[in-house]
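Down below is the structure, laid out as structure tokens.
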2 protein chains.
Amino acid sequence: MGSKNSSATKRADALRSIEAIVQAATECLGQNPEASLSEIARAAGVGRVTMYAHFTSRAEVVDAAMSRAIDRGNEVLDTVDLTGDPLLALSRYIEAGWHLVDQARALLTAAQRELSAGRIRELHAGPAARVEALVAHGRAEGAFRTDLSNAWMVSVLHAVMHSAAEEIRAGRLTSDRAADHITATVIAAFTPPGTPVPEMGGGVGP
Amino acid sequence: MGSKNSSATKRADALRSIEAIVQAATECLGQNPEASLSEIARAAGVGRVTMYAHFTSRAEVVDAAMSRAIDRGNEVLDTVDLTGDPLLALSRYIEAGWHLVDQARALLTAAQRELSAGRIRELHAGPAARVEALVAHGRAEGAFRTDLSNAWMVSVLHAVMHSAAEEIRAGRLTSDRAADHITATVIAAFTPPGTPVPEMGGGVGP
């Protein structure tokens with residue numbers, strides 16, 4: 001019994017340490033994509049021995065932080081209505097998804113440096129499946145073009161969202177105008193050839 | 001005189017070594033973005049001492065290889081006619097620029113891991129200026145939208161080109177169809193709201 005309690009305590013301690021490390025990694029890498037393992041350990045209040053007991057490399061810590069950010073992102077996207085008019089559904093997705101990309105952009109920079117492109121795609125499988133369904137819905141309704149593949153259109157949406165994050169970092173776009181820019185661009189990109197590009201309410205201004 | 005000749009010989013040797021290292025880096029990183037400095041030195045046929053005499057870090061080698069790839073790219077783009085009908089000029093730019101991105105994509109992956117986003121932008125200043133002029137021309141002619149900034153449209157074009165490189169790497173797009181996909185997407189993205197998306201000759205097929 002004593003030993004069972006002791007191992008349960010150890011497990012609880014381990015979970016607490018892992019949670020503290022992932023939380024600290026999200027914050028540290030969010031501020032500086034170059035943050036080292038020692039900085040993350042310090043911010044988590046754990047020693048190097050504890051850090052290396054749970055994560056054998058910086059890549060593993062970045063992977064865990066990115067996985068958690070995407071899990072939380074999926075929870076947010078679960079609340080977005082992606083049914084009805086495909087143009088409005090796409091706008092709603094971009095409005096919510098954009099904020100997630102914006103919040104996670106330093107973390108994503110760290111992930112792009114540390115993880116393979118394949119692993120980053122794998123981590124994004126949840127959001128990607130959502131956009132795939134949204135694009136398929138728009139194609140079926142005739143609102144989106146069908147001369148390009150669904151997969152290509154999903155990649156264009158993600159590329160434009162990430163491009164907005166880069167433009168903000170470069171000081172050429174402000175966060176509050178990002179969703180409008182992405183929406184205006186992607187809706188035009190998805191318009192079937194021969195059909196007028198929809199004029200979205202409000203416009204984006206030059 | 002003897003000493004002058006000797007220093008001229010040393011300079012010539014140094015230039016030859018640097019050229020061999022940059023050439024080897026372009027090839028090694030092109031095949032594997034993770035290629036180490038020792039692998040690059042071995043491929044260049046230089047020792048570690050020579051390598052470190054000219055480049056103090058892997059980042060410097062990646063930077064030099066990327067700079068050279070972009071210089072060569074600029075030479076290719078110099079031969080592309082970017083005047084006349086903006087849609088055709090954009091198609092020609094994409095056709096040529098896409099091949100450069102395709103050839104350099106493993107090198108770009110290495111650059112994204114090793115260099116800052118600011119430095120990568122700086123290196124791309126030449127191609128970026130070209131696209132800026134092309135976009136400005138299309139806007140002035142009424143062929144491209146003016147409700148989004150020139151800078152944003154340039155970043156969208158580059159994002160979609162790089163996205164095609166990623167899609168090829170993921171096995172979801174073939175190289176021979178990339179230019180058509182990029183052109184069809186970007187021309188639609190650049191179409192002024194309220195105007196029909198141009199149907200490009202040939203089409204891209206689903």
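In the text below, chain A, chain B and the rest are named by the order of the sequence lines, each starting its count at 1.
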Can you tell me which of A:Pro192, A:Ala151, A:Ser163, A:Gly118 forms the most heavy-atom pairs within a distance under 4.5 Å of chain B? A:Ser163
What's the separation between atom CZ in A:Arg172 and atom OG in B:Ser155, rounded to the nearest 0.5 Å? 7.0 Å
Of the non-hydrogen atoms in A:Arg145 and B:Ala184, which two are nearest, and what is the gap between them? NH1-O, 3.2 Å
Proximity breakdown for B:Ile182 and chain A, heavy-atom pairs closer than 4.5 Å: both
Specify which of B:His158, B:Arg169, B:Glu167 makes the most heavy-atom pairs with chain A at under 4.5 Å. B:Glu167
Sorted by chain and number, sequence neighbours left out, side chain to side chain contact (heavy atoms under 4.5 Å, CB included) with B:Thr174 holds for B:Asp176, B:Arg177
Residues of residues 26-39 of chain B with a heavy atom under 4.5 Å from any heavy atom of chain A, in residue-number order, are none
Qualifying residues under side chain to side chain donor-acceptor pair (under 3.5 Å), relative to A:His99, sequence neighbours excluded: A:Glu95
First locate atom NE2 of B:His162, then atom NE2 of A:His162, and finally report the distance between them rounded to the nearest 0.5 Å. 15.0 Å
May I have the step-by-step check of side chain to side chain contact (heavy atoms under 4.5 Å, CB included) for B:Thr185 and A:Leu148, ending in yes or no? CA-CA 9 Å; B:Thr185 304; A:Leu148 297 170; 3.5 Å; yes
Residue by residue, which of residues 109-116 of chain B have a heavy atom closer than 4.5 Å to a heavy atom belonging to chain A? B:Gln112, B:Arg113, B:Leu115, B:Ser116
Stepwise side chain to side chain contact (heavy atoms under 4.5 Å, CB included) test for B:Val197 and A:Thr195: CA-CA 6 Å; B:Val197 170; A:Thr195 306; over 6 Å; no
